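Quick caveat: nothing in here was measured; it's all calculated off a predicted structure. Reminder, nothing fancy here: chain letters follow the sequence lines and each chain counts from 1.
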Protein chains: 2
Amino acid sequence: MADKLTAKAEQTRAGIVDAALRLFRSEGYDAATMRAIADEAGVSLGSTYYYFSGKEELIQAFYDQLQVDHGAAAETAFDRAAFADRLRGVMESFVDVAEPFHDFGGQFFRNAADPRSPLSPFSAESAPAREASTALFRRAVEGSDLKVAPALSQELPELLWLLHMGVVLFWVHDDSEGQRRTRTLIAGLVPLVDRSVRLTRLPLVRGLVDDGIGLVRSLRG
Amino acid sequence: MADKLTAKAEQTRAGIVDAALRLFRSEGYDAATMRAIADEAGVSLGSTYYYFSGKEELIQAFYDQLQVDHGAAAETAFDRAAFADRLRGVMESFVDVAEPFHDFGGQFFRNAADPRSPLSPFSAESAPAREASTALFRRAVEGSDLKVAPALSQELPELLWLLHMGVVLFWVHDDSEGQRRTRTLIAGLVPLVDRSVRLTRLPLVRGLVDDGIGLVRSLRG
DNA sequence: ACGCTCTTTTGAACACGTTCAAGAAGGAGA
DNA sequence: TCTCCTTCTTGAACGTGTTCAAAAGAGCGT
């Protein structure tokens, strides 16, 4: 499928992706049927399935694009040195970038929760997007003034990505105007995270953190 | 729909539920088509839709049954006084009860992320099941030897339910034999929670917890 | 120009969840 | 019994995502 394609074939494929993204944005998830996408791209239904294994792969393209946009929007967050500022910047920029797609975001993330679906953020197929997203949080940690134990700082980016997934879940269910409640959540959550991480240097807390990290690592291996 | 039904109609309805649960268990989610359920129940396809608004409502019945089973299985956990033992009992009993449906559980969890679906654990329609589940964690807290600030102990059951949802998400993605990894997660998580909660009495941690509770309450209101 | 082969394209067909107009069954009042 | 109304039941039909055998196109050696 991703093998050598004629220049013309490559063009057809790109046209289908474009048509799909256009319809997802303008019509939403439900109305963007495979037949509508094929029509919009000016090809037959069968051709769509020649280039893509199914609707999910088309949605993956949309998902990837969103990830790229998030990365670009988060860039300004790294101007600051304070960890809290950097983290807030990364988290808020997601809400900014994803806002236009909030209405069908739910329909979209439905597939993401299916463990057998390649669209799941935990799937092998999503590894590139997941790694790109985690990299944002890694930059938020590593470029900052934050001082934490090496063991924790190594796991922190992935833990923050996990927290981000929780925020996204909240965002999906948030029907307040402009996702105001999600923004409130982030505004309150970021200082809590900041203070919590710094508290890990306390002797009494440290043992707890070490055990937590040990658990995470034993589950990953 | 839930209005007065003839005795015979009630029987038909029950027969459809039975057939659905039977097929969900034996064939899984995908193979349990609405036509197969209708056949198994010995009625027409249309009749199935006369009693149930759709496949989701049938799955809701399955979900409710699972919740009832979990409640029954968790009962033995409340023999012990230690908070950690009680919490572990509640969490482990879910894995025990849900194990036969692990394959199907993933398909089910698809709907959890869809805010428009009544099957979402956060939906208004799921409120009874959610409350029943939260009650298990409330009993784990309130009957135990745990001493925490009143403000926290009030929110703790719901927070533990949220943690349970996280464990369920892990469970759904856990393809190890007998969900061994999920059991490892619970075994490691419970002591961490136990110690974390007790740490909230530390002056330095207390302020953090108060702010966290304040955030939760401001988001709920 | 002619075959030959690989790539690309097509539209019919399938099973699914869901809807719906129409009919069957059952009881209440005459 | 007959009539009327509500409750229950039915199977055809629609639009969906997906599959597939067959046709069309594109390059290439002869």
Side-chain angles (χ1 to χ4, degrees), chain A residues 1-21 23-24 27-63 104 107-108 110-112 114 116-119, chain B residues 1-21 23-24 27-62 104 107-108 110-111 114 116-119:
Chain A
M1 204 71 56
D3 297 342
K4 34 180 176 169
L5 287 175
T6 307
K8 183 169 187 178
E10 198 77 65
Q11 202 171 344
T12 306
R13 188 193 153 92
I16 294 171
V17 172
D18 284 352
L21 296 192
L23 281 182
F24 280 145
E27 309 288 333
Y29 177 87
D30 284 333
T33 67
M34 291 301 277
R35 286 167 180 80
I37 292 171
D39 280 359
E40 177 84 7
V43 298
S44 74
L45 180 59
S47 268
T48 317
Y49 279 92
Y50 177 73
Y51 288 102
F52 299 93
S53 65
K55 197 173 185 181
E56 286 198 342
E57 199 170 326
L58 249 6
I59 298 175
Q60 182 77 266
F62 178 87
Y63 191 66
F104 70 98
Q107 296 286 338
F108 177 72
R110 203 169 61 137
N111 301 32
D114 182 353
R116 291 201 294 220
S117 165
L119 267 71
Chain B
M1 204 70 54
D3 298 343
K4 32 180 176 169
L5 287 176
T6 307
K8 183 170 187 180
E10 200 76 64
Q11 203 170 344
T12 305
R13 188 192 152 92
I16 294 171
V17 173
D18 284 351
L21 295 192
L23 282 183
F24 281 147
E27 309 288 334
Y29 178 86
D30 284 333
T33 68
M34 291 302 276
R35 286 168 180 81
I37 292 170
D39 279 359
E40 177 84 8
V43 299
S44 73
L45 180 60
S47 269
T48 315
Y49 279 93
Y50 177 76
Y51 289 101
F52 300 92
S53 66
K55 199 174 184 180
E56 286 199 342
E57 198 170 326
L58 249 6
I59 298 175
Q60 182 77 266
F62 177 87
F104 162 62
Q107 298 289 340
F108 172 74
R110 279 171 60 102
N111 304 287
D114 183 357
R116 292 199 293 219
S117 166
L119 267 71

Sorted by chain and residue number, the side chain to side chain contact (heavy atoms under 4.5 Å, CB included) partners of Ala36(B) (sequence neighbours excluded) come out as Leu23(B), Thr33(B)
Atom pair OG1 (Thr48(B)) and CD (Glu57(B)), whose distance is rounded to the nearest 0.5 Å:
12.0 Å
Heavy-atom closest pair (Gly54(A) atom, Tyr49(A) atom, distance to 0.1 Å) is CA-CE2, 3.9 Å
Report the distance from atom OH of Tyr50(B) to atom CZ of Arg13(B), rounding to the nearest 0.5 Å.
11.0 Å
What residues form a side chain to side chain contact (heavy atoms under 4.5 Å, CB included) with Ala9(B), not counting sequence neighbours?
Leu5(B), Thr6(B), Tyr51(B)
Would you kindly give the CD1-to-C1' distance between Ile16(B) and dC8(D), to the nearest whole Å?
11 Å
Can you name the side chain to side chain contact (heavy atoms under 4.5 Å, CB included) partners of Ala61(A), sequence neighbours left out?
Val17(A)
Can you check the Leu45(B) CG to dC20(C) C1' distance for me, whole Å?
12 Å
Separation between CD1 (Ile16(A)) and CD1 (Ile37(A)), nearest 0.5 Å, reads 9.5 Å
Nearest whole Å is fine: how far is dT9(C) C1' from Phe52(A) CZ?
15 Å
Please tell me if Ser47(A) has a side-chain N or O lying less than 4.0 Å from either OP1 or OP2 of dT10(C).
yes
With respect to the side chain of Ala9(B), which nucleotide from dT10(C), dC8(D), dT9(D) is positioned closest?
dC8(D)
Could you tell me which residues satisfy salt bridge (Lys or Arg N to Asp or Glu O under 4.0 Å) with Arg35(B), sequence neighbours excluded, listed by chain and number?
none
Sequence neighbours excluded - salt bridge (charged side-chain N to carboxylate O under 4.0 Å, His left out) pairs with any residue from residues 37-47 of chain B
Arg22(B)-Glu40(B)
Taking atom C1' of dC16(C) as reference, at what distance in whole Å does atom CG of Leu58(B) sit?
15 Å
Quantify the bending of the helix from dA1(C)-dT30(D) to dA30(C)-dT1(D) as the angle between its end axes, each fitted on five pairs, to 10°.
30°
Between Lys55(A) and Tyr29(A), is NZ or CZ placed under 6.0 angstrom from the six-membered ring centre and within 45° of the ring axis?
yes
With rounding to the nearest 0.5 Å, note down the distance linking CD in Gln60(B) to CG in Leu119(B).
5.0 Å
What is the distance, rounded to the nearest whole Å, between atom NZ of Lys55(A) and atom P of dT19(D)?
15 Å
Using a cut-off of less than 4.0 Å, is there contact between a side-chain N or O of Thr12(B) and OP1 or OP2 of dC8(D)?
no
Under 4.0 angstrom, heavy atoms only, what part of the nucleic acid is Gly46(A) near: base, sugar-phosphate, or nothing?
base
Any protein N or O atoms within reach of nucleotides 23-26 of chain D? Criterion: under 3.5 Å, listing atom names and distances.
none

Give the residues of residues 29-40 of chain B touching DNA chain C, defined as any heavy atom closer than 4.0 Å, sorted by residue number.
Thr33(B), Met34(B), Arg35(B)
Return the set of residues passing side chain to side chain donor-acceptor pair (under 3.5 Å) with Gln11(B) (not counting sequence neighbours), or none when no residue passes.
none
Mind calculating the distance between CD (Gln11(B)) and C1' (dC8(D)) to the nearest angstrom?
14 Å
Spacing of Glu10(B) atom CD relative to dC8(D) atom C1', expressed in whole Å
13 Å
Measuring to OP1 and OP2 of dC20(D), would you say a side-chain N or O of Tyr49(A) lies under 4.0 angstrom away?
no
dT9(D), OP1 or OP2 - any side-chain N/O from Tyr51(B) closer than 4.0 Å?
yes
